[in-house]
Amino acid sequence: MSGPRRSLSMEEEEEVELGEVLEYVGGVDISFSKKDSSVACGILVVLDLHSLEVVYEDFSVVTLHVPYVPGFLAFREAPVLLQLLEKMKNCANPFYPQLLMVDGNGVLHPRGFGLACHLGVVANIPTIGVGKNASLNSITL
């Protein structure tokens, strides 16, 4: 999964002096069984941003008890994804993501606070929502 840490270049050392260097980016998604929509598989993958090497991956298959309600996806999906993040953090994994990409809207949610925002607040991690559908009709520019 991971080899020894490499030395930082002069440019990277300057970045470190200015602030934290982004090294580990995670991504989360959840998929549902075609036969039973209450059965879901959540996944967490973490990449080393410099090498693009996968340094961590985990998944969890669960039965959900919260129904699907359009616009309220976070209440159904966030607990599964949060469990994966907490499991990684509780193991003191050195590759815990500094940024999380979430398959779901963030501020582009019709209510301005989608799954990505919800997960970011609860997990205390910066997130980027990567939604399949943007509800631009609800956004005032």
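Applying the side-chain contact (heavy atoms from CB on, under 4.5 Å) rule to Cys41 yields the partners Phe59, Val61; only residues at least two apart in sequence or on another chain are considered. Legend: residues meeting ring pair (Phe, Tyr, Trp, His ring centres under 6.0 Å) with Tyr96, ordered by chain and number and at least two apart, are absent. Under the side-chain contact (heavy atoms from CB on, under 4.5 Å) criterion, Ala40 pairs with Ile30, Phe32, Val62, Leu64, sequence neighbours left out.
Closest heavy-atom contact between Leu99 and Leu22: CB-CD1, 4.0 Å. Across every non-hydrogen atom of Pro97 and Gly26, the tightest pair is CB-N, 3.5 Å.
One N or O on the side chain of Gln98 and one on the backbone of Tyr24 form a donor-acceptor pair closer than 3.5 Å.
Pairs engaging residues 28-41 under the salt bridge (Lys or Arg N to Asp or Glu O under 4.0 Å) rule: none recorded [sequence neighbours left out]. Sorted by first and then second residue, the salt bridge (Lys or Arg N to Asp or Glu O under 4.0 Å) pairs involving residues 91-104 (not counting sequence neighbours) are Asp103-Lys132.
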(request) Before giving the answer on side chain to side chain contact (heavy atoms under 4.5 Å, CB included), spell out for His50 and Val21 the whole-Å C-alpha distance, their side-chain angles and the decisive distance to 0.1 Å. (result) CA-CA 11 Å; His50 301 289; Val21 174; 4.0 Å; yes

Report all side-chain donor-acceptor pairs from residues 76-87 shorter than 3.5 Å, counting only partners two or more places apart or in another chain.
from	atom 1	to	atom 2	distance (Å)
Arg76	NH1	Val66	O	2.4
Arg76	NH2	Ser37	O	2.5
Lys87	NZ	Asp58	OD2	3.0

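Screening Val25, Val46, Leu44 for a side-chain contact (heavy atoms from CB on, under 4.5 Å) with Leu100, the sole residue that qualifies is Leu44.
Leu52 and Val54 are not part of a single hydrophobic cluster, where members link through side-chain heavy atoms under 4.5 Å apart.
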